[in-house]
2 protein chains.
Amino acid sequence: MGLEFDANKPIYLQLIHRISSEIVRGDKREGEKLPSVREYAVEVGVNTNTISRVYRELELLQIVTTKRGQGTFVTEDVNRLTRLREEMKQEQIKQFIMDMQEMGFSINEMLEGIMNNGSEGQ
Amino acid sequence: MGLEFDANKPIYLQLIHRISSEIVRGDKREGEKLPSVREYAVEVGVNTNTISRVYRELELLQIVTTKRGQGTFVTEDVNRLTRLREEMKQEQIKQFIMDMQEMGFSINEMLEGIMNNGSEGQ
DNA sequence: ATCAGTGTACTATTTAACTATAACACTAAT
DNA sequence: ATTAGTGTTATAGTTAAATAGTACACTGAT
């Protein structure tokens with residue numbers, strides 16, 4: 001196995017984002033168990049310590065709960081997940097607009113660009 | 001001085017993006033001289049070698065031309081700059097759509113999100 | 001009590017980015 | 001020829017991310 005990573009960003013950050021996305025889009029539901037650190041490490045082809053760090057940071061963000069000896073689970077707190085979805089959406093949009101404006105593109109150019117590319121990618 | 005950097009991405013990549021943006025939005029014109037490596041290093045508070053690396057990579061991308069003994073200049077090739085603008089725009093949009101779809105958002109949610117946030121930020 | 005499965009912790013090593021410092025090489029002007 | 005300003009190169013050291021390997025600690029079931 002071994003998924004692909006962007007060599008310019010820390011793997012643990014990419015994994016945090018990946019898992020958060022899976023939860024936000026409903027691929028992983030509240031209370032669902034994540035793979036064990038060893039299992040997930042093998043699956044994505046990284047070291048156990050890296051996964052351990054990912055789970056630890058996700059717990060700080062209150063996105064997962066760790067039960068020692070049992071595993072790591074998506075939080076049961078549905079409110080938290082609703083907020084997370086909104087936070088991630090807003091952050092992504094904010095960053096996109098900032099980057100595009102930094103390059104001198106107008107809001108209209110952004111909207112058009114998304115409509116043109118979006119029809120194929122959807 | 002010392003501008004701010006995102007601690008999670010290499011400084012040299014952030015600078016490449018920053019300079020490219022300045023060129024694409026017309027803040028730096030074709031043929032315009034960039035600051036010398038030493039000057040720019042002091043300005044942004046990093047090491048000379050880091051700026052040297054930035055200029056070297058920008059030259060590989062054919063965005064700037066280096067004239068040894070004289071300095072580093074934005075390319076005179078206007079076609080290249082036009083292409084660059086389009087490339088950066090498309091890349092940004094593609095990445096945005098991918099990230100948003102990964103989180104389960106629809107094209108309509110993207111468009112609405114941008115229209116709502118854009119009015120303030122514009 | 002034992003065992004399999006879980007997260008946690010520690011030490012040592014490697015790699016890439018960045019830094020500090022210094023020297024080198026080219027160009028234009030004097 | 002010299003000088004000031006430019007990019008380039010090289011060595012050495014620091015830091016953070018990631019790795020490998022190992023051991024520890026907790027839980028639930030047998």
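Residue numbers begin at 1 in each chain, while the letters A, B, ... track the order of the sequences. Given the structure is predicted, the values throughout are model-derived calculations rather than measurements.
Look at CD1 on Ile51(A): it is 10 Å from P on dG7(C), rounded to the nearest Å. Rounded to whole angstrom, the span from the CG atom of Asn47(A) across to the P atom of dT11(C) amounts to 16 Å. Atom CG of Asn49(B) is separated from atom P of dT14(D) by 17 Å (rounded to the nearest Å). Look at CD1 on Ile11(B): it is 18 Å from P on dT14(D), rounded to the nearest Å. Rounding to whole angstrom units, CG of residue Asn8(B) and P of dT15(D) are separated by 18 Å.
The residue among Gln70(A) and Ala7(A) whose nearest nucleotide of DNA chain C lies closer to the 5′ end is Gln70(A).
Using a cut-off of 4.0 Å between Lys/Arg side-chain N and Asp/Glu carboxylate O, Arg85(A) and Glu109(B) are scored as salt-bridged. Taking a cutoff of 4.0 Å between a charged side-chain nitrogen and a carboxylate oxygen, Arg53(B) and Glu57(B) qualify as a salt bridge.
Looking at heavy-atom distances under 4.0 Å, Thr48(A) makes no contact with the nucleic acid at all. Looking at heavy-atom distances under 4.0 Å, Arg38(B) makes contact with a base.
For the pair Ser36(A) and dT6(C), the criterion of a side-chain N or O lying under 4.0 Å from OP1 or OP2 is met. OP1 and OP2 of dG7(C) both lie 4.0 Å or more from every side-chain N or O belonging to Arg56(A). In this model, the phosphate group of dG7(D) is not approached by any side-chain N or O of Thr66(B) to a distance below 4.0 Å at OP1 or OP2.
Of the candidates dT8(C), dT8(D), dT19(D), dT8(D) carries the atom nearest the Arg68(B) side chain, counting heavy atoms from C-beta on. Nearest to the side chain of Thr50(B), among dC18(C), dG7(C), dA17(D), sits dC18(C).
At distances below 3.5 Å, at least one donor-acceptor pair connects side-chain atoms of Glu59(A) with backbone N or O atoms of Thr66(A).
The side-chain hydrogen bond (donor to acceptor under 3.5 Å, both in side chains) analysis of residues 89-100 of chain A, with sequence neighbours excluded, yields the pairs Glu86(A)-Gln90(A), Gln90(A)-Asn117(B), Gln92(A)-Asp99(B), Gln95(A)-Asp99(A), Asp99(A)-Gln92(B).
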